[in-house]
Amino acid sequence: MMGSRQKPNILVTGTPGTGKTSTCALLVDCTGLRHIDVGALVKQKNLHDGWDPELQCHILNEDLLCDELEDMVKDGGNIVDYHCCDFFPERWFDAVVVLQTDNSILYDRLTNRGYMGQKLQNNMECEIFQVLLEEAYESYSHDIITAMPSNTIEDMSDNVERLKDWVHSWTPINP
């Protein structure tokens, strides 16, 4: 925990295509928390070390990103949305949500986004082997981690409702 936050910080993670950004947008609407889209922030603030042409993505500079986020998250009230989780400090988050999607559904979502080749294969393998759930368990206290299915609109709605209820029942823990 960081200080005496009056609102929680939530990390929403999962393989690309699992519905992180859509889930976060809906959760912001019903909780008033701030959505921090890490991918967009990295691009906007140049928190990267260049472009990976094979994977067609920026090469994240974790130190620059964490420095940028430190002041943003210290007072709480944030939903941080990113497809990796193992480098964020544990003290930042009160809940870590790992969205998971069935492989056939995820494959269609990623190919519809134009993913192909190594990028498609890496992301599919990441979901098949539950890499992000494993990263979460290796990086955060198990009692703050929740894996949620994200296959359908109904799943998303259920997840948002469950998280909304959690946010509204959350009480600050003063160290």
Side-chain angles (χ1 to χ4, degrees), residues 9-29 31 33-66 68-69 72-73 78-90 92-93 95-140 144-160 162-163:
N9 283 327
I10 302 170
L11 173 61
V12 178
T13 190
T15 305
T18 56
K20 295 178 299 298
T21 302
S22 298
T23 298
C24 290
L26 292 170
L27 192 55
V28 164
D29 288 345
T31 64
L33 299 179
R34 173 175 59 173
H35 180 203
I36 300 174
D37 180 337
V38 171
L41 185 66
V42 166
K43 292 174 197 164
Q44 176 189 13
K45 300 275 189 165
N46 292 315
L47 307 173
H48 57 82
D49 294 325
W51 183 256
D52 182 326
E54 182 180 356
L55 296 178
Q56 296 291 299
C57 63
H58 287 100
I59 301 164
L60 177 66
N61 183 314
E62 295 172 1
D63 292 332
L64 288 176
L65 175 61
C66 287
E68 182 72 27
L69 286 174
M72 295 173 76
V73 300
N78 300 287
I79 305 166
V80 177
D81 162 3
Y82 198 53
H83 61 266
C84 294
C85 67
D86 60 347
F87 61 89
F88 294 120
E90 182 177 6
W92 285 3
F93 301 108
V96 176
V97 175
V98 181
L99 297 180
Q100 299 180 305
T101 301
D102 290 341
N103 299 326
S104 59
I105 295 168
L106 183 62
Y107 182 87
D108 290 343
R109 289 179 186 173
L110 293 176
T111 55
N112 287 339
R113 288 184 178 187
Y115 283 39
M116 59 182 120
Q118 193 64 45
K119 187 172 186 173
L120 177 61
Q121 181 179 337
N122 287 355
N123 283 294
M124 291 302 301
E125 288 175 358
C126 184
E127 189 68 8
I128 290 167
F129 295 114
Q130 298 188 4
V131 170
L132 289 163
L133 184 59
E134 186 177 318
E135 275 185 11
Y137 280 124
E138 290 173 358
S139 303
Y140 303 97
I144 70 167
I145 299 168
T146 305
M148 295 182 154
S150 187
N151 297 307
T152 65
I153 297 295
E154 291 78 18
D155 286 342
M156 188 178 298
S157 179
D158 291 346
N159 294 341
V160 169
R162 190 169 155 197
L163 290 167

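The structure presented is a predicted model; accordingly, all values stated were derived computationally and were not measured.
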Undergrad: Does a sphere of radius 6.0 Å around OH in Y137 hold more than 12 heavy atoms from other residues, nucleotides or ligands, not counting ones at 6.0 Å or beyond?
TA: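 Yes, OH of Y137 has more than 12 neighbouring heavy atoms, counting only those of other groups under 6.0 Å.
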
Undergrad: Rounded to the nearest 0.5 Å, what's the gap from CG on N9 to CE on M72? Could you check?
TA: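 Interatomic distance, N9 CG to M72 CE, rounded to 0.5 Å: 10.5 Å.
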
Undergrad: Please report the C-alpha distance between F93 and V73 in whole Å, then the side-chain angles of each, then the deciding distance to 0.1 Å, and finally whether the side chain to side chain contact (heavy atoms under 4.5 Å, CB included) criterion is met.
TA: CA-CA 9 Å; F93 301 108; V73 300; 5.5 Å; no

Undergrad: What is the minimum heavy-atom distance between P89 and Y140, and which atoms define it?
TA: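 Minimum heavy-atom separation between P89 and Y140: O-CE2, 4.2 Å.
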
Undergrad: Looking at T101, is its backbone amide N or carbonyl O close enough to the side chain of E127 to form a donor-acceptor pair, meaning the two atoms are under 3.5 Å apart?
TA: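 A pair under 3.5 Å: yes.
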
Undergrad: Taking the side chain as C-beta and beyond, is there a heavy-atom pair between F88 and L65 under 4.5 Å?
TA: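 The answer is yes; the side chains approach within 4.5 Å.
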
Undergrad: Verify, without hydrogens or angle tests, whether N151 (side chain) and D102 (backbone) share a donor-acceptor contact under 3.5 angstrom.
TA: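 Pair found, side chain donor or acceptor close to backbone of D102.
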
Undergrad: Looking at residues at least two apart in the chain, or sitting in another chain, which of them share a ring-ring contact (aromatic ring centres under 6.0 Å, His included) with H48?
TA: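 Here the qualifying residues are H58.
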
Undergrad: Which heavy atom of Q56 sits nearest to which heavy atom of K119, and what is that distance?
TA: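 Smallest interatomic distance, heavy atoms only, reads O-NZ, 3.1 Å.
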
Undergrad: Would you sort out whether V98 and T18 count as a side chain to side chain contact (heavy atoms under 4.5 Å, CB included), showing the intermediate values?
TA: CA-CA 9 Å; V98 181; T18 56; over 6 Å; no

Undergrad: To the nearest 0.5 Å, tell me how far E138 CD sits from E135 CD.
TA: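 Between atom CD of E138 and atom CD of E135 there are 7.5 Å.
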
Undergrad: Any non-hydrogen side-chain atom of C84 less than 4.5 Å from a side-chain atom of E62?
TA: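 Side-chain contact under 4.5 Å: no.
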
Undergrad: Check whether any side-chain N or O of K20 sits under 3.5 Å from a backbone N or O of T15 as a donor-acceptor pair, and report yes or no.
TA: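 Between the backbone of T15 and the side chain of K20 there is a qualifying donor-acceptor contact (under 3.5 Å).
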
Undergrad: Identify the heavy atoms of G17 and R109 that sit nearest to each other, and give their distance.
TA: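 Looking at all heavy atoms of both residues, the shortest contact is O-NH1, 2.8 Å.
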
Undergrad: Side-chain contact, heavy-atom cut-off 4.5 Å: W92 with V80?
TA: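 Sidechains of V80 and W92: no contact.
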
Undergrad: Under the side chain to side chain contact (heavy atoms under 4.5 Å, CB included) criterion, do N123 and H83 qualify, and how do the steps go?
TA: CA-CA 10 Å; N123 283 294; H83 61 266; 5.9 Å; no

Undergrad: Say you draw a straight line from CG of D86 to OG of S139; how long is it, rounded to the nearest 0.5 Å?
TA: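 Rounded to the nearest 0.5 Å, the CG-OG separation comes to 5.0 Å.
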
Undergrad: Of C24, S150, C85, which is the lone residue that meets side-chain contact (heavy atoms from CB on, under 4.5 Å) with V12?
TA: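 Per the side-chain contact (heavy atoms from CB on, under 4.5 Å) rule, the option paired with V12 is C24, out of C24, S150, C85.
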
Undergrad: Heavy atoms only: give me the nearest D155-P149 pair and the separation to one decimal.
TA: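 Taking every non-hydrogen atom into account, CB-O, 3.4 Å.
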
Undergrad: Looking only at non-hydrogen atoms, find the nearest pair between L106 and P16 and report the distance.
TA: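 In this case the closest contact between L106 and P16 is CD1-O, 3.2 Å.
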
Undergrad: Side chains of I10 and L27: does their closest heavy-atom pair fall under 4.5 Å?
TA: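 Yes, close enough: below the 4.5 Å cut-off.
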
Undergrad: Would you say that I36 contacts Y82 through its side chain, given a criterion of any heavy-atom pair below 4.5 Å between the two side chains?
TA: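 I36 vs Y82: side chains apart.
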
Undergrad: Got D37 and L41 here, is their nearest side-chain heavy-atom distance under 4.5 Å?
TA: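 No. Closest side-chain heavy atoms not under 4.5 Å.
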
Undergrad: Between T111 (side chain) and D108 (backbone), is there a donor-acceptor pair under 3.5 Å?
TA: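 Flag set: sc T111 to bb D108 pair under 3.5 Å.
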
Undergrad: Is N61 reaching over with its side chain to a backbone N or O of D49, donor-acceptor style, under 3.5 angstrom?
TA: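 Looks like no, no N/O pair under 3.5 Å.
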
Undergrad: Once rounded to the nearest 0.5 Å, what's the spacing between atom CG of D158 and atom CD1 of I153?
TA: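 Atom-to-atom, D158:CG and I153:CD1 are 11.5 Å apart.
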
Undergrad: Is the shortest side-chain heavy-atom distance between M124 and L110 below 4.5 Å?
TA: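 M124 vs L110: side chains touch.
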
Undergrad: Working to the nearest 0.5 Å, report the span between OG1 of T31 and CG of L26.
TA: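 That separation rounds to 10.5 Å.
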
Undergrad: Going through the checks in order, is the side chain to side chain contact (heavy atoms under 4.5 Å, CB included) test met by L163 and M148?
TA: CA-CA 10 Å; L163 290 167; M148 295 182 154; 3.9 Å; yes

Undergrad: Not counting sequence neighbours, which residues clear salt bridge (charged side-chain N to carboxylate O under 4.0 Å, His left out) with E68? List them please.
TA: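 Only K45 meet the salt bridge (charged side-chain N to carboxylate O under 4.0 Å, His left out) criterion with E68.
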
Undergrad: Between H35 and T21, is there a side-chain heavy-atom distance shorter than 4.5 Å?
TA: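 SC-SC contact between T21 and H35 confirmed.
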
